[in-house]
There are 2 protein chains.
Amino acid sequence: MIETPIGEALHRLLHAYKRAMREAYRDIGIELAIAHIRTLKLIHQFQASTGAPCTAQAIAIRLERDKAQIARLVKDLLSAELIEKQSNPDDGRSQLLTVTHHGEAMLERIRMAERQASQRMAAGLSNEELTTFIRLGNTMTANLGEPEGRRQSSKSIPQEK
Amino acid sequence: MIETPIGEALHRLLHAYKRAMREAYRDIGIELAIAHIRTLKLIHQFQASTGAPCTAQAIAIRLERDKAQIARLVKDLLSAELIEKQSNPDDGRSQLLTVTHHGEAMLERIRMAERQASQRMAAGLSNEELTTFIRLGNTMTANLGEPEGRRQSSKSIPQEK
DNA sequence: AAGGCATAGTTGACAAAATCAACCAGATAA
DNA sequence: TTATCTGGTTGATTTTGTCAACTATGCCTT
């Protein structure tokens, strides 16, 4: 077969992965798009790991996305009543986002769907191999994440360590 | 930091990678989108490895994309005179695609841009680690690529081995 | 030879993902 | 008080991707 460099391997894997995830979500009756699901998961993880609510700014930083896109994703999740917002007492411009009970239930269904697809993806690979893959992937992401300039949404935002 | 499973690591890496590639292409004055570039590269690789021209069907199979999308990508590349087509003598429905000299020159510029970004991405990693990453990635892609049904563009098309 | 089915490619429509720019209200620093 | 920065919003656009229906051609069966 044709030799594939890293970039090509990545494209193919993420495309296959997204397709598998979409099918798994659809099989369970979840109609959320993948970006919405990632955002919902991040809001929940933020709460769980810091004990504090999340902000749109934190999501934009963590996902390295344009804040405009995050705003639209958050708006959709609010409309679906999967998250809710309160005014931030420390910053009048900002809202604190938390996952609702409805959102918690949705997250549980998402986990079920992902478990199945992830097991299929990882078939024949040891835990060590999976850990190695994640480590190498995160290293490359970090390598790419130190820009020389022109990054928009995070141009003057310090990278979290 | 928050633990990231494989899916999350993949999303972040490909997003960072695509952004780095776009910046590298832009720095060199290339205005093609990434999907167009991947298609152009594939047509060239197909020629180089088989000695025969490429077809839209072969691209759809190799990239695992909907044939409608491939048709649009091919149309754009034809308009940009990066590739050209001839009627397939063996199949009146099909056209054979080849890269033009203009396309060859574009590919050379693309390789220069990618070399720089790839080196930055791979900083600190050995060749063995990069090879391992690609191998694991391709294994997972293959795991996901054996559908139980509902795949559109490749539903009745046998997977290449 | 004719009919039925499958296929290569095209087109329309739509959804998802992502970026860029401009804006407003609030926060901070001088 | 003023200037600058920031969190978030909205509009516009580009890129990526999927689904369905269609046409012309190819293949198989009768």
Side-chain angles (χ1 to χ4, degrees), chain A residues 11-12 14-23 25-26 31-39 53-61 63-76 78-79 85 87-97 150-158, chain B residues 11-12 14-23 25-26 30-39 53-61 63-76 78-79 85 87-97 147 150-158:
Chain A
H11 275 106
R12 288 165 60 89
L14 191 61
H15 185 258
Y17 176 74
K18 285 169 95 171
R19 177 186 276 159
M21 291 321 306
R22 278 199 287 270
E23 285 176 7
Y25 296 139
R26 194 161 45 217
E31 290 170 4
L32 283 173
I34 288 176
H36 291 82
I37 289 175
R38 289 181 69 208
T39 303
C54 194
T55 64
Q57 182 213 41
I59 300 171
I61 292 176
L63 294 184
E64 290 189 75
R65 287 294 189 272
D66 193 73
K67 55 187 180 177
Q69 186 190 11
I70 300 302
R72 283 183 256 268
L73 291 170
V74 164
K75 184 177 183 179
D76 292 340
L78 286 166
S79 296
K85 66 179 182 180
S87 291
N88 187 346
D90 296 332
D91 189 337
R93 300 168 294 182
S94 174
Q95 290 94 34
L96 303 179
L97 306 168
R150 206 191 277 123
R151 291 261 306 276
Q152 193 78 6
S153 62
S154 57
K155 199 183 270 309
S156 43
I157 296 172
Chain B
H11 276 106
R12 289 164 61 88
L14 190 60
H15 185 259
Y17 175 74
K18 284 169 95 170
R19 177 185 276 160
M21 292 318 309
R22 276 199 291 271
E23 286 176 6
Y25 297 139
R26 191 162 47 220
I30 294 172
E31 290 170 1
L32 283 172
I34 287 177
H36 292 82
I37 289 174
R38 288 181 69 209
T39 303
C54 195
T55 64
Q57 182 212 38
I59 300 171
I61 292 176
L63 292 184
E64 288 188 77
R65 288 293 189 273
D66 192 76
K67 57 188 179 176
Q69 186 191 13
I70 300 303
R72 283 183 255 269
L73 292 171
V74 164
K75 184 177 184 180
D76 291 342
L78 287 167
S79 294
K85 66 180 183 181
S87 292
N88 186 347
D90 296 330
D91 189 337
R93 300 167 295 181
S94 175
Q95 291 95 35
L96 304 178
L97 307 169
R150 205 191 278 125
R151 288 260 306 280
Q152 192 78 6
S153 62
S154 57
K155 197 182 271 310
S156 42
I157 297 173

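Chain letters run A, B, ... following the sequence lines, proteins first and then strands; every chain starts at 1. Excluded from the calculations below are hydrogen atoms, water molecules and symmetry mates; all remaining heavy atoms, backbone and side chain alike, are included. Just so it is clear, the model here is predicted, and its values are computed rather than measured.
- Checking D:dG8, D:dT15, C:dA8 against the side-chain heavy atoms of B:Ala33 singles out D:dT15 as nearest.
- Proximity note for A:Gln57 (side chain, C-beta onward) versus D:dG7, C:dA8, C:dA17: the nearest is D:dG7.
- Remark: P of C:dA8 and CD1 of B:Ile61 are 7 Å apart, rounded to the nearest angstrom.
- In this structure, B:Glu31 atom CD and D:dT14 atom C1' are separated by 13 Å, rounded to whole Å.
- Listed nucleotides: C:dA17, D:dT25, C:dG9. Nearest to the side chain of B:Arg93: D:dT25.
- Taking atom CG of B:Leu63 as the reference point, atom P of D:dT16 lies 12 Å away to the nearest angstrom.
- For B:Asp91, the side-chain atoms get nearest to D:dT25 when compared with the rest of D:dG17, C:dT11, D:dT25.
- With sequence neighbours excluded, the residues forming a side chain to side chain donor-acceptor pair (under 3.5 Å) with B:His15 are A:Arg65, listed by chain and number.
- Map A:His11 and A:Gln69 each onto its nearest nucleotide of DNA chain D; the residue landing nearer the 5' end is A:Gln69.
- Residues A:Leu97 and A:Thr55 are not in side-chain contact: their nearest non-hydrogen atoms beyond the backbone lie 4.5 Å or more apart.
- Among the atoms of the strands shown, only primed sugar atoms or phosphate atoms (P, OP1, OP2) are found under 4.0 Å from some heavy atom of A:Arg22.
- Within 4.0 Å of A:Ile34, counting heavy atoms only, lie sugar-phosphate atoms of the nucleic acid but no base atom.
- At least one side-chain heavy atom of A:Ile34 sits under 4.5 Å from a side-chain heavy atom of B:His11.
- Each of A:Leu32 and A:Ala68 was assigned the nucleotide of DNA chain C with the nearest heavy atom; the assignment lying further toward the 5' end belongs to A:Leu32.
- Spacing between atom CG of B:Asn88 and atom P of C:dG9 amounts to 8 Å, rounded to whole angstrom units.
- Between the P atom of D:dT16 and the CZ atom of B:Arg19 lies a distance of 15 Å, rounded to the nearest Å.
- Positionally, the nearest nucleotide of DNA chain C for B:Arg72 lies more toward the 5' end than for the other of B:Arg72 and A:Arg38.
- Side-chain proximity of B:His36 to the nucleotides C:dT7, D:dT16, D:dG7 is greatest for D:dT16.
- Distances shorter than 4.0 Å separate some side-chain N or O of A:His15 from OP1 or OP2 on D:dT18.
- Between the NZ atom of B:Lys18 and the P atom of C:dA18 there is a distance of 7 Å, rounded to whole Å.
- Spacing between atom CG of A:Asp90 and atom P of C:dA27 amounts to 10 Å, rounded to whole angstrom units.
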(message) Please evaluate residues A:Arg93 and A:Gln57 with respect to the criterion side-chain contact (heavy atoms from CB on, under 4.5 Å), reporting the C-alpha separation (whole Å), side-chain torsions for both, the decisive distance (0.1 Å), and the verdict.
(response) CA-CA 11 Å; A:Arg93 300 168 294 182; A:Gln57 182 213 41; over 6 Å; no
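- For the pair A:Val74/A:Gln95, no side-chain contact is recorded, criterion being any heavy-atom separation below 4.5 Å from C-beta on.
- Atoms NZ (B:Lys67) and P (D:dC19) sit 13 Å apart, rounded to a whole Å.
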